[in-house]
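Only one structure is covered here, and it is reproduced in the block below.
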Amino acid sequence: MAIPPPEVLDQHRLTAEEYERIERFLGREPNRTELGLFSVMWSEHCSYKSSKKHLRGLPTTGPRVLQGPGENAGAVDIGDGLAAVFKIESHNHPSFIEPYQGAATGVGGILRDIFTMNARPVAVLNSLRFGSPEDAANRRLLSGVVAGIGGYGNAFGCPTVGGEVVFEPCYQGNPLVNAFCLGLVKADQIFKGRADGIGNPVFYVGAKTGRDGIHGATMASAEFGEGSEEKRPTVQVGDPFMEKVLLEACLEAMKTGAVLGIQDMGAAGLSCSSSEMGARSGTGVEIDIRKVPQRETGMTAYEVMLSESQERMLLVAAKGREDEVIRVFEKWDLHAEAIGHVIADKRLRVWNGTTLEADVPNEALTDEAPVYDRPWVEPKNPAVDHDLSNLPIPGDLGAALLQVLAAPTIASKRWIYRQYDCSVRGNTVLGPGSDAAVIHVKGTRKALAMSVDCNARLVWLDPYEGARLAVAEACRNVVASGAEPIGATNCLNFGNPERPEIMGQLVMAIRGLGDACRTLAVPITGGNVSLYNETDGVAIYPTPTIGVVGLIEDVSKVLARSFREAGDEVVLLGACTDELGGSEYLKTVHGRVAGRPPRLDIEAEARLYRCVLEANGAGLLRSAHDGSDGGLAIALAESCFAGEEPGLGADLALPASTLRADALLFGEAPSRMVVTTRDAAGLAAVAARHGVPCTTLGRVGGDRLRLTCGGTSLVDLPVARLHEAWTSLERRLG
Amino acid sequence: MKVAVLVFPGSNSDHDAYHAVKHVCGHEARFVWHKDGSLGDAEAVIVPGGFSYGDYLRSGAIARFAPVMAAVAEFAKKGGPVLGICNGFQILQEAGLLPGAMLRNRSVKFLSQQVHVRVERADTAATAGLAPGTVLSMPIAHGEGNFHAEADELDRLEQCGQVVFRYVGRDGGLGADAANPNGSARAIAGVCNEGRNVVGLMPHPERAAEPHLHHGAEGRRLLEAFLGSAVHA
């Protein structure tokens, strides 16, 4: 058997070894359609071939876990017979090529992953990263991505309740667009992507198939270089109205009991859904592409199977109950088209009328896809050893605070998120701009908190420590709203894994994630890996974005960031340590990205959570704010903002310290929270019981933020001035 | 009171309206499908927010042809109370049941934020029992909410008392232009028909009907007024 010419392999992003593996599975040469199937299913995006070996080390189980990795999304039990279904996914490559549609279909894809499981999507968050906003090209990308997220989510009717937007030069030419979605479903009514019961009909529902998105998954598994703009046809085009109708029709169809399994057609479209559904059930699926609704004429089997047209679902119904399914879709003016059926042979068979176009073992496309143990080297970033001890301390620390508050990553993002509908569905308790987003679970007293986080600068400096810190920050944000973290999802955005130093970043970051989540007892129920985030050979910072979901038993106990009333006592929980490494201050004021990331004592972190949750449960807390991004000074300044407006000031004093004044203000030590209380003694008692350092700083009141240390004034500024700095980016770009 | 909540395929605040009417205000609510030609025995109608049929053409432009809209027009003609919220307001305009038209927001961007609206008239189906001058805080979420009418038409609306809500500052004053988020003519946030039984507004009272919500509970006062059981704060 002969290896095809290099250009054919290259076009399909397959190696000669992989081609030979295909021949062994088939016992013959693959035809062009089959080569296409393998190309997309064995792409990094679909097969996780570089990361799979390492992902196995993540903790994925726990008493609340109803569904771990391997399905369309993960699910955790939240009591009252309900489950929270959630996942985060990337749409980085399409968003760079065509920002509006790339981001829009990223949201569309994650929504489908959730409602495929019979869960109604109730919250979307996103994690976005761009190069400097001062650059016009980045602003164009940003405005396209934001409009795309809003355009899709707003029309679909799922609120965008939170997220993060980070600006770093390394994302120039390689922006990151990660979308998180959470849905709710009755715990015993979760649907899966299965094709059970030989002879059962396979239905195609939703939008017609076109030539858009062909090889999208393969494109997303390659680096960018010159000519990427020409890849625009590989980006799909979204139709949120179609998705909304598809949602309602699918949920209604699942209610009939006639639907046995369902899977959305996302990456790799019909190829992925049909082969994975068969593989999960130990069956096969046979389809006829002539029956697939098509919006273009003359499409080949290759094109139909590889199309990534949006808003499509594949479902398996019970034989004899077809009419029940068809009627529901007709009600919504959609057509459910029977395109094939479940077969006993564990194969994917694709017919074009009477011509057999592909006949491939499911396993070969799914579980038996190549897994690589790619060479890797332990990451050693020389910037870590950078000596910060002789860094000059600014004469005017107040001016430094204003500078950090105005830094694009720290500054108010209202100009971005006010383009997202955050109130639809009427559940939003805490919206964008909070530490965590919180939604009420209707029909219960409960609420769910969600946060997506990653400080990629720290991951770049030390992937293992940076990943642990990302987990801690996401959990801490959730805890700051009064919620107990119960599950996590991750989106691993990295460079080219074929480079050992990049692979080393991936390996160590996954270990960091796993170790932190294990200790904090937060299982990872699914996620997504996006590799080859490089343009012209320059990789992004390794960016393992973490989404954490937390549960609040009583919605009236949700905590927000803002100071609430004059006279409330301001308390710092946790210790200030000398941690300027990788800080926003170091970058913004001194222009350096260097130093050792803050040390994380994960046990101390867990003690802080227990302390905050117990104190809040006892009604001791009035507000809470995580103290990491930008350090204590930023946490205090942000607490002085009432939502987006200037709020109450505070008069505060830190005890004398041996730390440098700038480390005290701007050091990003984890395991800290700024809280307010009316009973500092009661709070101190709870903190002491949990072994959490507890320092009363002063009281809320007035219209200035005053902070002294050992009697020396560090900051004394009007809240209005702080607010002006924090919103300066909005006034310039909004 | 029996309330019909219309459902177009792209409605996305239908559940919100249903929940607020039924579970918050304690009235009877039922969904009425856009293809239905009858409202049954409904005593009030809510045309909810959303994107009716995708609204790729112009908000509400296709929805006015829905079978259910003929029933709504008939219901309105007989004096039945109808409340259009956001996209529902746009649909009622397109159907000729409410005056004015919507342009893109002044910023040309979708706007999702909390606003303050002042009740201008107490003699409409949605404001009975609310004192003129009452300021209510509610969210908006729309791309096309910039109320437009010709100057003489605006004068006529003012004279006939058809301007029901205006965007104002927290203090109820019209002063700051910033209080008018989308550039609406004369800061108009909501209007009624000549019969005063059909009312439309862009802000979402149904998403601000429970005290634990970020967007507050002041919208409930408007809903209660509409449902004929106004609660006085």
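Residue numbering restarts at 1 for every chain, and letters A, B, ... go by the order of the sequence lines. Values reported hereafter were calculated over all heavy atoms of this structure, with side chains retained and with hydrogens, waters and symmetry mates removed. Being a predicted model, the structure only gives us computed values, none of them experimental.
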Please classify the contact of [X] with chain B as side chain, backbone, both or neither, using a heavy-atom distance under 4.5 Å.
| X | value |
| --- | --- |
| A:Asn427 | backbone |
| A:Ser556 | neither |
| A:Pro432 | neither |

Using a cut-off of under 4.5 Å on heavy-atom pairs, state which of [options] scores highest against chain B.
| options | value |
| --- | --- |
| A:Val438, A:Val424, A:Thr428 | A:Val424 |
| A:Met242, A:Glu248, A:Lys442 | A:Lys442 |
| A:Pro240, A:Ala249, A:Gly150 | A:Pro240 |
| A:Val245, A:Thr160, A:Leu430, A:Asp239 | A:Asp239 |
| A:Ser423, A:Ala560, A:Gly443 | A:Ser423 |
| A:Ile439, A:Val558, A:Asp333 | A:Asp333 |

Electrostatic pair [X]-[Y], nearest N-O below 4.0 angstrom:
| X | Y | value |
| --- | --- | --- |
| A:Glu252 | A:Lys331 | yes |
| B:Glu218 | B:Arg220 | no |
| B:Arg118 | B:Glu120 | yes |
| B:Arg58 | B:Glu94 | yes |

To the nearest 0.5 Å, how far apart are [atom1] in [X] and [atom2] in [Y]?
| X | Y | atom1 | atom2 | result |
| --- | --- | --- | --- | --- |
| A:Ser623 | A:Arg561 | OG | CZ | 10.5 Å |
| B:Ile85 | B:Arg207 | CD1 | CZ | 9.0 Å |
| A:Glu330 | A:Ile326 | CD | CD1 | 7.0 Å |
| A:Leu182 | A:Cys158 | CG | SG | 8.5 Å |

Polar contact flag, side-chain donor to acceptor under 3.5 angstrom, B:Glu144-B:Ser59: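 Side-chain D/A pair, B:Glu144 to B:Ser59: present.
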Is A:Arg445 atom CZ crowded by more than 12 heavy atoms from other residues, nucleotides or ligands, each under 6.0 Å away? yes
Are A:Phe641 and A:His723 an aromatic pair by the rule of ring centers under 6.0 Å? yes
Of all the residues in residues 100-107 of chain B, which have a heavy atom that comes within less than 4.5 Å of a heavy atom in chain A?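 Those residues of residues 100-107 of chain B which would need a heavy atom under 4.5 Å from chain A do not exist here.
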Contacts of residues 10-20 of chain B with chain A (heavy atom under 4.5 Å):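 Answer by number: B:Gly10, B:Ser11, B:Asn12, B:Ser13, B:His15, B:Asp16, B:His19.
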Measure from NZ or CZ of B:Lys109 to the centre of the six-membered ring of A:Trp415, then state whether that distance is under 6.0 Å and the direction lies within 45° of the axis.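 Cation-pi check for B:Lys109 and A:Trp415: fails.
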B:Leu136 vs B:Val119, test: side chain to side chain contact (heavy atoms under 4.5 Å, CB included). Steps then yes/no. CA-CA 8 Å; B:Leu136 301 174; B:Val119 176; 4.2 Å; yes
Counting only non-hydrogen atoms closer than 4.5 Å, does B:Tyr53 touch chain A with its backbone (N, CA, C, O), its side chain (CB onward), both, or neither? both
With a 4.5 angstrom heavy-atom cut-off, is it the side chain or the backbone of B:Pro9 that approaches chain A, or both, or neither? both
Does any part of the side chain of B:Phe165, heavy atoms only, come nearer than 4.5 Å to the side chain of B:Met202, both counted from C-beta?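 A side-chain contact under 4.5 Å is absent here.
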Would you say that B:Val68 contacts B:Phe8 through its side chain, given a criterion of any heavy-atom pair below 4.5 Å between the two side chains?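 Yes; the side chains approach each other to less than 4.5 Å.
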Can you tell me which of B:Gln113, B:His215, B:Glu206 forms the most heavy-atom pairs within a distance under 4.5 Å of chain A?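 Winner by heavy-atom pair count: B:His215.
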